[in-house]
Protein chains: 2
Amino acid sequence: MVQYSKKIQAVPEPTIRRMPSYLAFAEGLMRKGQQFVSSTQIANYMNIDPTQVTKDLSYTKIVGKTRVGYEVKAIVEVLSDFLGFSVMDNAFLVGAGSLGSALLHDSGLNHFGLKIEAAFDINPSTIGRKINDVEVFHIDQFRDLAQELNVIMGIITVPAENAQTVADLMVAWGIKAIWNFTPARIKVPDDIIVQNTTLYSNLAIIFNKLHQEKREE
Amino acid sequence: MVQYSKKIQAVPEPTIRRMPSYLAFAEGLMRKGQQFVSSTQIANYMNIDPTQVTKDLSYTKIVGKTRVGYEVKAIVEVLSDFLGFSVMDNAFLVGAGSLGSALLHDSGLNHFGLKIEAAFDINPSTIGRKINDVEVFHIDQFRDLAQELNVIMGIITVPAENAQTVADLMVAWGIKAIWNFTPARIKVPDDIIVQNTTLYSNLAIIFNKLHQEKREE
DNA sequence: AAGTAATAGAGAAATTTTTCTTTAATAAAA
DNA sequence: TTTTATTAAAGAAAAATTTCTCTATTACTT
């Protein structure tokens, strides 16, 4: 009768997953100068059902106009706020390898409200370097800096076998959420939020669909 | 009444998503020499319900032993096959920037059945270089090589605004599946499989949970 | 040898998510 | 001005997914 990752969640997770795409689409339309967009258009872009879009947007305070659609500017503003993208949150990244480096180079994270304040590693050849203006420190340095800088998120991009060690460290730092890019599952106290982002799930889905296609033909 | 991305899918997608983690866990246990593993153990590792594990594994031909669990070796073998990880598939990657480079460095893709045969870009400074032994070509080169090499997957790691152009190119190459790492949604013929992998969905979920926590306390 | 506890597995129930249906509004066309 | 078509929105229905319940099995303990 244990509750696994309790969901007292008003907004369905699939909805949250889709919203950043709506936002990105609306931002594109705004750049093009389009003032209104209908659920049909968004749905067509996303390859989903239009009522899904309507329902998703109904969780926010956006209201559409019959026969016109939603105001593009409103979608951008309301969705950014709703998703927490309009307030900047600070993060520390541990593991300045190729994946860590890719994240440090991704300006989209900044655009969507995440600022990586510093990176950490144990590899002497990367320590001291700056990756896209973010300095790489030895992991033992600055451990107390997290609280000072109000860093709420830790990003793990180390090899899978070190994930737990890094996670423990981050918890000790007082971090509130961990974004885990390793395939390893980490154990943390209940009040710490963990988001696992693993490529291989996506790969599995692609292969599954590919082989399904083969079965059908 | 249009059917969006029809699912004549025996195995639920959430199940497919979890399976690579079961596999990785079992591989770890095998390295440690553990011979059997119970659904309870796997569930504990994954932070999910044990019956979920049982149900997921029931889609494969793995059978467990009462009071003992599943044979670790069987999980590794059956799951690898089931997920299509034991046959090597070939891919081309377009966009040899930081994210593309990170993927080229990821040995996990190789381990899970994906071989990136070549990378493409338009940036003269990367063209001709080798990233982790994979050569980077100009995008106009070797367009017909895809069929010869039996490349079935295209990986898009270019800036979002170029995603559609690259996708069109890949379709022309005769590719069967596209792994799209840009936030842009691409339009392709119905028989092409598209898997969108965007970081920002994960970011949205973390922020949502963070703000929920705040609301609760 | 008998009892206990842990487990797989099947099926039912509950929950969550998506899709369908209906209604009302209104822009555009006739 | 009237008609038609498109749309948002709410609620119902359907579908998908997860969790619960029960049974049978069997390793381990007493």
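Here is the naming used below: chain letters follow the sequence lines, and residue numbers restart at 1 for every chain. The basis for the numbers below is simple: all heavy atoms, side chains too, and nothing from hydrogens, waters or symmetry mates. This is a predicted model, so every value here is computed, not measured.
If you measure from atom CG of D56(A) to atom P of dT19(C), you get 11 Å, rounded to the nearest angstrom. Following rounding to the nearest Å, D49(A) (CG) and dA14(D) (C1') show an atom-to-atom distance of 13 Å. Counting to the nearest Å, the P atom of dT25(D) and the OH atom of Y70(B) are 17 Å from each other. One can place CD1 of I42(B) at 14 Å from C1' of dG9(C), the figure rounded to the nearest angstrom. Rounded to an integer number of Å, the gap from L57(A) CG to dA9(D) C1' is 12 Å. For the pair M19(A) CE and dT17(C) C1', the interatomic distance rounds to 14 Å; values are reported in whole Å. Rounded to a whole Å, the CD1 atom of I48(A) is 15 Å from the P atom of dT17(C). Between the P atom of dA25(C) and the CZ atom of F36(A) lies a distance of 19 Å, rounded to the nearest Å.
For the pair Y59(A) and dA10(D), the criterion of a side-chain N or O lying under 4.0 Å from OP1 or OP2 is not met. Under 4.0 angstrom from either OP1 or OP2 of dC20(C) there lies no side-chain N or O belonging to T51(A). R18(A) has no side-chain polar atom (N or O) that falls below the 4.0 Å cut-off from OP1 or OP2 of dT17(C). Under 4.0 angstrom from either OP1 or OP2 of dG9(C) there lies no side-chain N or O belonging to T54(B).
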**Q.** Derivation of the ring pair (Phe, Tyr, Trp, His ring centres under 6.0 Å) call for F92(A) and F120(A)
**A.** CA-CA 8 Å; F92(A) 274 177; F120(A) 298 88; 5.0 Å; yes

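Side-chain proximity of T66(A) to dT18(D), dC28(D), dA8(D): nearest is dA8(D). Distance from the side chain of S39(B) is smallest for dT7(C) among the nucleotides dT26(D), dT21(C), dT7(C). The V63(A) side chain lies nearest to dA9(D) when the options are dA9(D), dT18(D), dA8(C). Checked against dA27(C), dT18(D), dA6(C), the side chain of R67(A) finds its nearest nucleotide in dA27(C). Of the candidate nucleotides dG11(C), dT25(D), dA27(C), dA27(C) has the atom nearest to the side chain of V68(A). Considering only side-chain atoms of P14(B), the nucleotide from dA25(C), dT17(D), dT7(C) that sits closest is dT17(D). Comparing dT7(C), dA8(D), dT19(D) by their nearest atom to the side chain of S38(A) picks out dA8(D).
Here S58(A) lies out of heavy-atom contact (under 4.0 Å) with every strand. Using a 4.0 Å heavy-atom distance criterion, T40(B) is classed as a sugar-phosphate-only contact.
Judged by distance alone with a 3.5 Å cut-off, no donor-acceptor contact links the side chain of K55(B) to the base of dT17(D).
Although no hydrogens or angles enter the test, the distance criterion places no donor-acceptor pair under 3.5 Å between the side chain of N90(A) and the main chain of E117(A).
Of the two residues near DNA chain C, K65(A) and Q41(B), the one whose nearest nucleotide lies more 5' is Q41(B).
Residues Y45(A) and V37(A) are not in side-chain contact: their nearest non-hydrogen atoms beyond the backbone lie 4.5 Å or more apart.
Under the side chain to side chain contact (heavy atoms under 4.5 Å, CB included) test applied with N180(A), the options T198(A), T157(A), I156(A), T197(A) reduce to a single match, I156(A).
Of the inter-residue distances, the one linking N208(A) atom CG with M19(B) atom CE reads 8.5 Å to the nearest 0.5 angstrom.
Ring geometry, W179(B) versus F181(B): the interplanar angle falls from 30° to 60°, so the pair is classed tilted.
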